[in-house]
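Counting convention: from 1, in listed order, for ligands and their atoms alike. Just so we're clear, the structure is a prediction, and the values are computed from it rather than from any experiment.
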Amino acid sequence: MAVGSSDLMAAVMAQKGDAAALFEALRVGSGDGYGKGVTRDTYGRGEELAHQLIADRARRMGLEMHRDHAANLFMTLPGQDRHAGRLMTGSHLDSVGNGGNFDGAAGVVAGLIAIRSLQTLGLHPRCDITTAAIRAEESVWFQVSYIGSRSAFGMLPPRALEAKRVDTGRTLAHHMRDCGAAVEDVRRGKASLTAKSIKGWVELHIEQAPQLVEAGMAIAVGTGVPGNFRYPHVVIRGEYAHVGLPRRFRRDAVLAASDFAIGLDELWKKRDAEGRPMAFTIGRFHTDAGEHALTKVAGEMSLSLDVRAYDRIHLAQLESDVMSLARQVAERRGVQIDLGSRASADVAPSDPVVVAALMEAAAKLGIPTMRLASPASHDTATFAVAGVPTAMLFVRNANGSHNPRESMEIDDFLQAVAVLTYWLAAEAGSIAASP
Ligand SMILES: [Zn+2]
């Protein structure tokens, strides 16, 4: 049996009350007592509670449930051919401390609402359709990214298991065990997902910037997840000196760090003007609290640097630009700039076929959309790097994310869910040839 676009749209819209109720249950369940924020700590109480709520809901829908060795949860509507490549959607359920209710959870709720819509339409997909509730996407807790999704593909480096959670001081291995994960399987690189068994992955996520608000658009199709390079521990060393030292003798670490930051911003401005999207962030920027004082020229500054872009060549150019900026600043200010250890993540462009299919789904449903570069990190990157055709759907959200004020209108959310549902139905052979 197949269905037309207006019936599909109506089936999704009919889930509005259920979607709102599920979000409210998550918010109340993981509310942290600080205003309206939620805390769904990675492999901790908050994330665990969200997993239970979502699992209860999926069980009531009659979905097949599978918890893998990393305690990721996969909820499946079985297809006619159990061996055909499956369609997957979903996102993460953890949050930052005192974060918002929608970052991550929106993608998991969307997957369940999409499957529920297919069920109410009485559709029997040709292949399995799975919604994933992924663990541990937020890197704030263990300072390790994509723990759940990389574990699912057997790609988590074993040393990550020894990372300590910033608040409890206990290792990832300990916390995973608390949540029922089989840590030894994670360590030996067991995989619960393989790229060749997945036909496509689409993650719905709130936009973490106001670009859609600015464009007056409810939803967008993501062009890809940017790659990055990171220097978590940059140290700039000049010379501590008396406040009375004339300018020409100074080797001021504060001014050198400021030059470095402003130089990076100039670079960004230039790349924006050239239409080459990137972003850089200095999340940490400080003098040594044990040494700094009102009447001292600062001899040392510490900072962190994260630089991201959407294509490999651009990213490599940016890194060489960062190096030459550091050399120029060091020379001009008479300081040493030690970039310290380096970490990086590969770029993960969206699959053009999946992007085109989502754009077409939106057109068929009469939902305006656009392509959007959104420079945040998502589990989708893990799927793409593993070789799965991927894309993302972004939902308008006024106040950014990682804060309790993030706001997503349920009507905007349902438009994105309709596009997701259409894509699932079309790929699973359940859309009527003529609407
Ligand atoms: Zn997220």
Side-chain angles (χ1 to χ4, degrees), residues 22-23 26-27 30 32 37-44 46-47 49-51 53-54 70 72-73 88-113 131-152 201-212 219-228 279 281 283 306 308 345 348 350 372-385 390-408 412-413 416-417 420:
L22 196 44
F23 280 126
L26 284 164
R27 191 186 69 74
S30 47
D32 56 16
V38 303
T39 295
R40 296 196 274 261
D41 48 327
T42 288
Y43 289 111
E47 186 190 56
L49 201 139
H51 269 254
L53 262 169
I54 291 295
N72 295 302
L73 179 63
M88 289 192 74
T89 185
S91 191
H92 61 99
L93 280 180
D94 59 328
S95 76
V96 299
N98 195 29
N101 195 30
F102 301 119
D103 184 337
V108 182
V109 173
L112 292 184
I113 297 293
T131 294
I134 296 172
R135 293 276 181 172
E137 189 270 348
E138 298 290 1
S139 54
V140 292
W141 300 99
F142 290 99
Q143 315 220 8
V144 176
S145 55
Y146 309 145
I147 294 168
S149 54
R150 285 198 290 169
S151 297
W201 160 270
V202 171
E203 179 175 3
L204 179 152
H205 203 282
I206 55 167
E207 200 214 342
Q208 290 158 305
Q211 295 183 94
L212 285 174
I219 68 165
V221 179
T223 53
V225 180
N228 64 52
T281 304
D306 173 301
R308 43 190 63 206
S350 294
L372 184 76
S374 172
S377 305
H378 301 286
D379 287 311
T380 293
T382 307
F383 284 76
V385 167
T390 64
M392 292 192 70
L393 281 167
F394 288 106
V395 185
R396 174 165 56 192
N397 161 45
N399 301 322
S401 77
H402 290 188
N403 76 67
R405 294 179 307 113
E406 69 179 30
S407 72
M408 175 194 75
D412 291 350
F413 168 75
V417 176
L420 173 67

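Take the Zn ion (ligand 1) and draw a sphere of radius 2.8 Å; the protein N/O/S atoms inside it number 3.
Proximity of a side-chain donor or acceptor of Arg308 to a complementary backbone N or O of Pro375 within less than 3.5 Å is detected.
Checked against Trp201 for a side-chain hydrogen bond (donor to acceptor under 3.5 Å, both in side chains), the options Thr380, Thr390, Thr382 give a single hit: Thr380. Here the options are Thr42, Asp103, Asp379, the test is side-chain hydrogen bond (donor to acceptor under 3.5 Å, both in side chains), and the partner is His92; only Asp103 passes.
Taking OG of Ser401 as the reference point, atom CD of Glu406 lies at 6.0 Å (rounded to 0.5 Å).
Under the 4.5 Å side-chain criterion, counting only non-hydrogen atoms from C-beta, Leu204 is in contact with Val417.
For Phe413 and Phe23, the ring centers sit closer than 6.0 Å to each other.
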